[in-house]
Novice: 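Okay, handing you the structure first.
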Amino acid sequence: MAKKIAVDPLMDKLVSLCKRRGFVFQSSEIYGGLGSCWDYGPLGVELKNNIKRSWWEAMTHRRDDIEGLDAAILMHPQVWITSGHVEGFTDPLVDCKKCKHRFRADQIDGKTCPDCGGELTEPRMFNLMFKTFMGPVEEESAVVYMRPETAQGIYVNFLNVLQPSRQKVPFGIAQIGKAFRNEITPGNFIFRTREFEQMEMQFFVHPSEDQKWFDYWKEQRWNWYLEIGIRPEKLRWHEHEKAELAHYAKAAYDIEYEFSFGWKEIEGIHNRTDFDLSRHTKATGKDLSYFDQERNEKYIPYIIETSAGADRSTLVTLVDAYAEEEVKGENRVVLRLSPKIAPIKAAVFPLVKKDGMPEVADKIYHELKRHFKVFYDDGGAVGRRYRRMDEAGTPYCITVDGQTLQDETVTVRDRDTMEQTRNKIGELVGIIGAKVK
Ligand code: ATP
């Protein structure tokens with residue numbers, strides 16, 4: 001029986017735009033695709049990289065108190081026993097006896113199937129970690145896990161980072177990397193996938209200062225979404241109730257975004273207390289406590305975690321930027337991406353492919369390319385070229401026309417207002433650079 005798919009016109013349009021313009025493709029598409037796996041195309045990889053770069057700059061380069069890390073995906077299997085994931089990283093799975101659809105029991109109400117009303121099986125706990133084998137022999141002792149979160153790579157490296165960086169508590173460690181979860185019900189395009197990328201930061205604090213830093217990081221993380229251009233009215237906080245809290249957390253708030261399929265988490269901010277460092281200390285016998293010279297006190301720091309998804313952030317920027325409008329009786333689709341994260345910053349067009357215009361446009365293109373990602377297009381009517389760039393989210397289009405050859409000016413068209421101004425060629429780097437940096 002074919003799986004019933006909820007109709008979501010906005011997401012359908014976005015998925016098709018992403019394919020058409022080269023943002024995101026289904027993985028292994030020519031083989032029929034692989035469930036919930038997606039590949040980022042030429043524009044998608046630029047957008048996602050720009051988002052990751054913005055996060056990395058906000059979390060590390062612009063601060064003195066956070067260090068970067070890039071830990072391996074595969075870790076000692078004992079790490080996941082210590083962290084509680086082998087025992088507790090599970091979701092309750094139920095199957096419909098009639099239509100055979102599968103659900104997460106905690107995501108559906110009631111005892112009957114939401115798709116066909118059939119009877120459901122008793123919930124079975126299902127561990128979300130992917131397993132594989134290390135070395136040539138596939139036996140129990142060779143099992144390793146694909147990390148389900150990047151955070152543990154930070155905890156086990158606490159001392160390794162602390163010592164050479166000469167940081168003092170309070171300080172943090174930031175990491176961007178892949179994580180894997182064998183989700184029962186992936187879906188909604190790149191919202192929930194089985195392979196995804198996280199942008200996580202663990203901030204180590206004195207236990208008495210946990211609330212202060214928790215509040216601080218809530219504010220910082222909220223503001224970052226505004227920085228990458230997300231409309232504030234589409235964001236809200238969700239506080240986890242006691243019963244909802246993960247096994248390690250004292251307090252947790254999610255930043256949620258209002259998608260067409262409802263308000264959903266895009267980032268979690270957690271007070272993980274001394275849970276992780278204490279457990280790793282106990283399991284390994286390696287003392288992960290910290291001697292605070294100013295306080296003359298030895299303690300295991302509390303951890304305030306900010307955990308965001310790079311793919312989910314990418315989806316949020318696309319959804320939030322997508323707009324359709326009528327212009328002179330025609331439908332225009334435009335991605336109003338912030339110029340800071342737009343994949344292409346400017347496109348350069350010769351109005352026509354003759355009269356010396358391509359030569360001048362080519363020269364401008366090569367000059368701008370030294371500063372930011374630009375695109376050259378001489379194919380088809382200029383109006384169509386503008387439309388293509390609107391769909392790609394390119395904030396500026398520069399057109400070389402007859403007047404250019406006389407006075408060295410070009411038109412600069414703004415994606416959002418569609419207004420055109422005339423500017424000197426020599427000023428372009430400055431004008432566009434100021435808006436995209
Ligand atoms: P849920 O309850 O929805 O499964 P979670 O609370 O387990 O999510 P966290 O463990 O807090 O999620 O993960 C932190 C962030 O990592 C999420 O806010 C999200 O941005 C991202 N993330 C988590 N799981 C996925 C996934 N399967 N696909 C894409 N991104 C994910």
Side-chain angles (χ1 to χ4, degrees), residues 11 24 27 34-40 44 48 51-52 55 59 80 83-85 88-93 103-108 125-130 146-155 174-202 217-218 221-222 224-225 228 230 235-241 243-257 259 261-272 275-276 303-320:
M11 289 303 283
V24 180
S27 158
L34 178 67
S36 98
C37 294
W38 300 91
D39 298 342
Y40 288 81
K48 193 176 172 191
I51 289 170
K52 289 193 281 184
W55 185 90
M59 296 308 247
W80 304 107
S83 68
H85 283 82
F89 196 56
T90 51
D91 276 341
L93 178 151
F103 306 96
R104 246 171 78 177
D106 61 326
Q107 283 183 343
I108 55 170
M125 292 316 268
F126 172 79
N127 196 297
L128 300 183
M129 282 196 294
F130 278 94
M146 311 281 277
R147 67 179 176 199
E149 60 174 30
T150 61
Q152 297 301 325
I154 294 182
Y155 306 143
Q175 162 160 244
I176 299 177
K178 291 260 179 166
F180 302 82
R181 297 181 188 178
N182 204 355
E183 301 274 4
I184 296 169
T185 48
N188 286 322
F189 196 26
I190 51 172
F191 177 80
R192 188 182 299 284
T193 53
R194 295 192 171 107
E195 171 180 346
F196 55 98
E197 228 169 338
Q198 288 189 312
M199 308 186 287
E200 293 197 306
M201 192 282 299
Q202 315 291 323
W217 279 110
K218 271 177 63 191
R221 296 306 306 143
W222 178 276
W224 181 74
Y225 289 96
I228 60 168
I230 305 302
L235 297 172
R236 73 172 188 195
W237 287 108
H238 165 74
E239 181 183 4
H240 285 222
E241 312 260 327
E244 229 184 311
L245 283 178
H247 59 278
Y248 51 75
K250 175 174 158 189
Y253 277 77
D254 295 337
I255 298 178
E256 293 187 337
Y257 180 84
F259 291 96
F261 46 91
W263 284 95
K264 300 283 176 204
E265 169 183 340
I266 54 172
E267 168 157 358
I269 291 114
H270 311 126
N271 180 347
R272 293 181 75 130
F275 179 87
D276 302 278
I303 291 171
I304 307 302
E305 167 184 69
T306 70
S307 178
D311 311 86
R312 235 175 244 190
S313 297
T314 304
L315 180 62
V316 167
T317 60
L318 288 167
V319 167
D320 204 60

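Given the structure is predicted, the values throughout are model-derived calculations rather than measurements. In each ligand, atom 1 is the first atom listed, and ligand 1 is the first ligand listed. All residue numbers in this chain count up from 1 along the given sequence.
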Novice: Any idea which part of E149 is under 4.0 Å from ligand 1, heavy-atom wise: side chain, backbone, both or neither?
Specialist: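 Neither part.
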Novice: Who's the nearest protein heavy-atom neighbour of atom 22 (N) of ligand 1, and how far?
Specialist: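 Here the closest protein heavy atom is F196 CE1, 3.5 Å.
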Novice: Distance to the ring centre below 6.0 angstrom and angle to the axis at most 45 degrees; does that hold for K264 and F259?
Specialist: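 No; the conditions do not both hold, so K264 does not lie above the ring face of F259.
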Novice: Do we see a donor-acceptor contact under 3.5 Å between the side chains of Y155 and R272?
Specialist: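 Looking only at side-chain atoms, R272 and Y155 do form a donor-acceptor pair, the distance falling under 3.5 Å.
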Novice: Could you tell me the separation between the OG atom of S307 and the CD atom of Q202, rounded to the nearest 0.5 Å?
Specialist: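 So the gap between those two atoms works out to 7.5 Å.
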Novice: Show, in sequence, the C-alpha distance, side-chain angles and deciding distance for I266 and Y225, and conclude whether the side-chain contact (heavy atoms from CB on, under 4.5 Å) test is met.
Specialist: CA-CA 10 Å; I266 54 172; Y225 289 96; 3.6 Å; yes
Novice: So is there a nitrogen or oxygen of R194 less than 3.5 Å from a nitrogen or oxygen in ligand 1?
Specialist: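 So ligand 1 has no N or O lying under 3.5 Å from an N or O of R194.
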Novice: For the 3.5 Å polar cut-off, considering only N or O atoms, please tell me whether I266 and ligand 1 meet it.
Specialist: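 For ligand 1, there is an N or O atom that lies under 3.5 Å from one belonging to I266.
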Novice: Look at atom 14 (C) of ligand 1 and say which protein heavy atom is nearest, naming residue and atom and giving the distance to 0.1 Å.
Specialist: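 Answer for atom 14 (C) of ligand 1: S307 OG, 3.0 Å.
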Novice: Are side-chain heavy atoms of R312 and E267 found at a separation under 4.5 Å?
Specialist: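 They are not in contact (no side-chain heavy atoms under 4.5 Å apart), so the answer is no.
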Novice: Distance under 4.0 Å to a non-hydrogen atom of F191: what atoms of ligand 1 satisfy this?
Specialist: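 That gives atoms 28 (N), 29 (C), 30 (N) of ligand 1.
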Novice: Just to confirm my output: which protein heavy-atom neighbour is closest to atom 13 (O) of ligand 1, and how far is it?
Specialist: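 Scanning the protein heavy atoms, the shortest distance from atom 13 (O) of ligand 1 goes to Q198 NE2, 3.6 Å.
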Novice: Please confirm whether E267 comes under 4.0 Å of ligand 1, counting heavy atoms of the residue only.
Specialist: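 Per 4.0 Å heavy-atom rule, E267 contacts ligand 1.
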Novice: Does a side-chain N-to-carboxylate-O contact under 4.0 Å join K52 and E197?
Specialist: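 Looking at K52 and E197, the cut-off is met.
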Novice: Quick check: F189 with F191 (ring centres under 6.0 Å apart)?
Specialist: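 Judged by ring-centre distance (under 6.0 Å), F191 and F189 do not meet the cut-off.
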Novice: Of all the atoms in ligand 1, which lie at a distance below 4.0 Å from a heavy atom belonging to G309?
Specialist: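 Selected atoms, number and element: 20 (O), 21 (C).
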Novice: Could you report the tightest heavy-atom contact between A308 and R221, atom names first, then the distance?
Specialist: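 Scanning both residues, the minimum pair turns out to be CB-NH2, 4.4 Å.
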Novice: Using only heavy-atom distances, determine whether the side chains of Q107 and T185 contain a donor-acceptor pair under 3.5 Å.
Specialist: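 Yes, side-chain donor-acceptor contact under 3.5 Å.
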Novice: Is the closest heavy-atom distance from R104 to ligand 1 below 4.0 Å?
Specialist: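 Contact present.
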Novice: Answer yes or no for K264: is there a heavy-atom contact with ligand 1 below 4.0 Å?
Specialist: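 Heavy atoms of K264 never come under 4.0 Å of ligand 1.
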Novice: Considering only heavy atoms, which of R192, E256, R312, R181 lies nearest to atom 4 (O) of ligand 1?
Specialist: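 Ranked by closest heavy atom to atom 4 (O) of ligand 1, first place is R192.
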Novice: Between P148 and F196, which heavy-atom pair has the shortest distance, and what is it?
Specialist: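 So the two residues come closest at O-CZ, 4.4 Å.
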Novice: For ligand 1, which atoms sit closer than 4.0 Å to a heavy atom of E183?
Specialist: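 Near E183, meaning under 4.0 Å from one of its heavy atoms, ligand 1 has 24 (N), 26 (C), 27 (N).
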Novice: Who's the nearest protein heavy-atom neighbour of atom 28 (N) of ligand 1, and how far?
Specialist: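 The closest heavy atom on the protein side is T193 N, 3.0 Å.
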Novice: Ignoring hydrogens, just give me the one of E200, E195, E265, Q107 whose non-hydrogen atom is nearest atom 17 (C) of ligand 1.
Specialist: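 Going through E200, E195, E265, Q107 one by one, E265 has the nearest heavy atom to atom 17 (C) of ligand 1.
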